[in-house]
Amino acid sequence: MSNKIVRGTMLLTGAAFLSKFLGMIYVIPFNELVGTKGGALYLYAYNPYTILISISTIGVPLATSKFISKYNSLGDYYTGMRMFKLGIILMSITGVISFLILFFSADWIAHSFVVDDDYGNSVADVKMVIRMVSFALLIIPGMSIIRGFFQGNQSMGPTAVSQVIEQIVRIAFVLISAFIIIKIYDGTIATAVGFATFAAFVGALASLAVLIRYWVKRKDYIMTKVDAQIVKEEIPIRDLMQELFAYAGPFILVSMAIPLYQNVDTFTFNKAMASIGQGNISEAAFAAINLYGHKLIIIPVTLATGISMTIIPVLTQSFTNNDYVNLKKQINQTLQIVFVVVVPAVVGLSVLSYEAYGALYGLADIELTSYLLAWYAPVALLFALYAVSAAILQGINQQNFAVVGLMIGFAVKIGLNTLMIQQFGAIGSILTTMLAVLIAATINLVRIRSSIGFSYNEVFKRLLLVILFSSIMLVSLLGFKYLINMLFNYEDTRLGVTITLILGVGIGGLIYFILAYKSKLLEKTLGGKIGFLERFFNRFRRV
């Protein structure tokens, strides 16, 4: 089972990483085309859209994954297929409803987000981009249920491939349409951003086409299992839906964690900054945290996303079979993987925040934006811990406690956000998010321990090694930056910070990688010898 987690995690994480990496890279030319103001406008559309995506799917895709995994482990493939068909119908209906809600509430949302003034975007522009992005809601709920079906059958390939294709098509549409509108037709930034948000619909269509092709290829194999089932119990639709929604309810809120925190900023950030006389930098800081900075910190969080999608059906199977020994091993391995990968990534991003932001987005307002990124980077670890711990709770049928943690954290974010911004400026928003997610993740981890008697001793031992190696990497990076700055003032040019970033990532990553490998940390975490690393170091010794 540990190998199944590693394989599934590597596949989904690889696809998610590629998607997030492309999502980060395209922001560079997109920022050059539309600027900070256009980036903020883009966020005004995407934040409510993301919330509606979570609401329209009502947690059904991941709940379907858990549902199908459970009944497959019981040999009841027929019930899983019935649920898949019901899910398709349900998601089609909720997709249409959510589209109508977002499209016709765009005016009210726009007035809630911005005030027409000389500093930021107009209400009319915000309304337009919200309506453009709403069309994606017609496709994505139905598409996501197909992904959930394949994941429930522990087939991660369709989800991985469709994610990558969706991102490639979306990004191509974003950049091509923005370039044509601004550079060729001399159009407005608002129009370019409107088409950029509509790209979500185009990408969803491409992803749906990929999933349909997978379904056509695998349908006969799947239906063979259903047809071979001798006893086919006709569970009433009402009972099926009750069980599905019992799983789905927590999923919807957990999937909304990051969008919820970002939407608190969307409603409060500009007004709070204006109240302390910092309205002139409000949209720049808002975009630096929630769009451009978030694109960077979400990359290590991608690992948690891959793990979450992988472990729910695996843990569900062990839990259903009362295999608690294997269950605890799977949880232990999952948490270790998160710390081994995410902690050094967070440390590196904090140290290289100036270089990372400057290389990717330019040196405009770099003192402000890199400072905010350095503070925002640690939030990646907290988001990753929350996502994985919530997935573990769902796998062991304790999903309601994931909702408790989220709601308490969300209440903290709402209650303190404006006050913290007024007290500390833009960084106050980051500090409030840190506190909120820390509380939510802690509640989840405590419940995991109490519900199945799980011990964190081994996880803590591995974490101490990770902290030690990350600290060595941190000191090395600080020394590297000091030496480079003595040779030439690299911070004044984009080329200089880009070269320093590349070298810094290489040096820091290599130091941590060697320490983790030599100490057997990677081998113990991943559950076996890593063949290609053995060959690499053997070849290196011979040289």
Side-chain angles (χ1 to χ4, degrees), residues 23 26-27 30-31 33-58 94-117 119-144 166-167 169-171 173-175 177-178 181-182 187-205 252 255-256 258-271 282-284 286-287 289-292 294-295:
Y26 94 90
V27 172
F30 185 65
N31 180 54
L33 290 168
V34 303
T36 300
K37 185 177 180 180
L41 181 60
Y42 188 80
L43 269 180
Y44 293 142
Y46 255 85
N47 283 345
Y49 159 75
T50 307
I51 293 290
L52 261 293
I53 281 291
S54 298
I55 294 175
S56 64
T57 56
I58 50 177
T94 58
V96 172
I97 293 174
S98 60
F99 159 72
L100 294 173
I101 291 173
L102 187 58
F103 187 90
F104 289 105
S105 64
D107 185 66
W108 174 81
I109 295 173
H111 278 92
S112 301
F113 285 176
V114 298
V115 177
D116 281 319
D117 57 28
Y119 291 129
N121 293 284
S122 69
V123 170
D125 289 342
V126 176
K127 175 182 174 182
M128 182 268 294
V129 296
I130 290 174
R131 286 187 167 177
M132 292 287 279
V133 78
S134 66
F135 287 94
L137 291 164
L138 294 170
I139 304 293
I140 290 181
M143 176 194 70
S144 60
E166 178 182 7
Q167 188 75 311
V169 172
R170 186 182 72 86
I171 290 172
F173 189 89
V174 167
L175 296 179
S177 61
I181 290 168
I182 293 177
T188 65
I189 289 176
T191 303
V193 173
F195 274 85
T197 57
F198 184 73
F201 174 79
V202 179
L205 281 177
I252 176 179
S255 65
M256 290 167 59
I258 292 177
L260 280 175
Y261 294 128
Q262 287 188 324
N263 269 279
V264 173
D265 282 339
T266 305
F267 279 99
T268 61
F269 192 90
N270 289 333
K271 295 175 182 176
S282 178
E283 284 201 335
F286 175 74
I289 296 171
N290 289 299
L291 176 61
Y292 301 121
H294 192 73
K295 290 288 185 182

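It should be emphasised that the depicted structure is a prediction, and the values quoted were computed from it without experimental measurement.
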What's the separation between atom CG in Leu43 and atom CD in Glu283, rounded to the nearest 0.5 Å?
10.0 Å
Heavy atoms only: give me the nearest Val129-Ala190 pair and the separation to one decimal.
CG1-O, 4.0 Å
With a 4.5 Å heavy-atom cut-off, do Lys37 and Leu41 have their side chains touching?
no
Rounded at 0.5 Å granularity, tell me how far OH in Tyr49 sits from CG in Leu102.
9.5 Å
Those residues that, when tested against Leu205, pass side chain to side chain contact (heavy atoms under 4.5 Å, CB included) (two or more places apart)
Ile139, Phe201
Taking all non-hydrogen atoms of both residues into account, name the closest pair between Val34 and Ala192 and its distance.
CG1-CB, 4.4 Å
Measuring from atom NZ of Lys295 to atom CG of Asn31, what distance do you get when rounded to the nearest 0.5 angstrom?
12.0 Å
Partners meeting side chain to side chain contact (heavy atoms under 4.5 Å, CB included) with Phe267 (sequence neighbours left out)
Ser112, Phe113, Asn263
Considering residues at least two apart in sequence or located in another chain, which fulfil the salt bridge (charged side-chain N to carboxylate O under 4.0 Å, His left out) criterion with Asp125?
none
Pairwise distance CG(Leu175) to CG(Leu33) - rounded to 0.5 angstrom:
7.0 Å
Assign the ring pair Tyr42 / Tyr26 to parallel, tilted or perpendicular, where the plane angle (0 to 90°) is split at 30° and 60°.
perpendicular
If you define the side chain from C-beta out and look only at heavy atoms, does anything of Ile101 sit under 4.5 Å from Ile97?
yes
Within residues 190-199 or reaching into it, pairs that qualify as side chain to side chain donor-acceptor pair (under 3.5 Å) - sequence neighbours excluded:
Thr188-Thr191
So CD1 of Ile109 and CD1 of Ile130: to nearest 0.5 Å the spacing works out to 5.0 Å
Applying ring pair (Phe, Tyr, Trp, His ring centres under 6.0 Å) to Phe195 and not counting sequence neighbours gives none
Does Arg131 use its side chain to pair, donor to acceptor, with the backbone of Phe103 at less than 3.5 Å?
yes
Residues passing the ring pair (Phe, Tyr, Trp, His ring centres under 6.0 Å) test with Phe286, sequence neighbours excluded, are Tyr44, Phe269
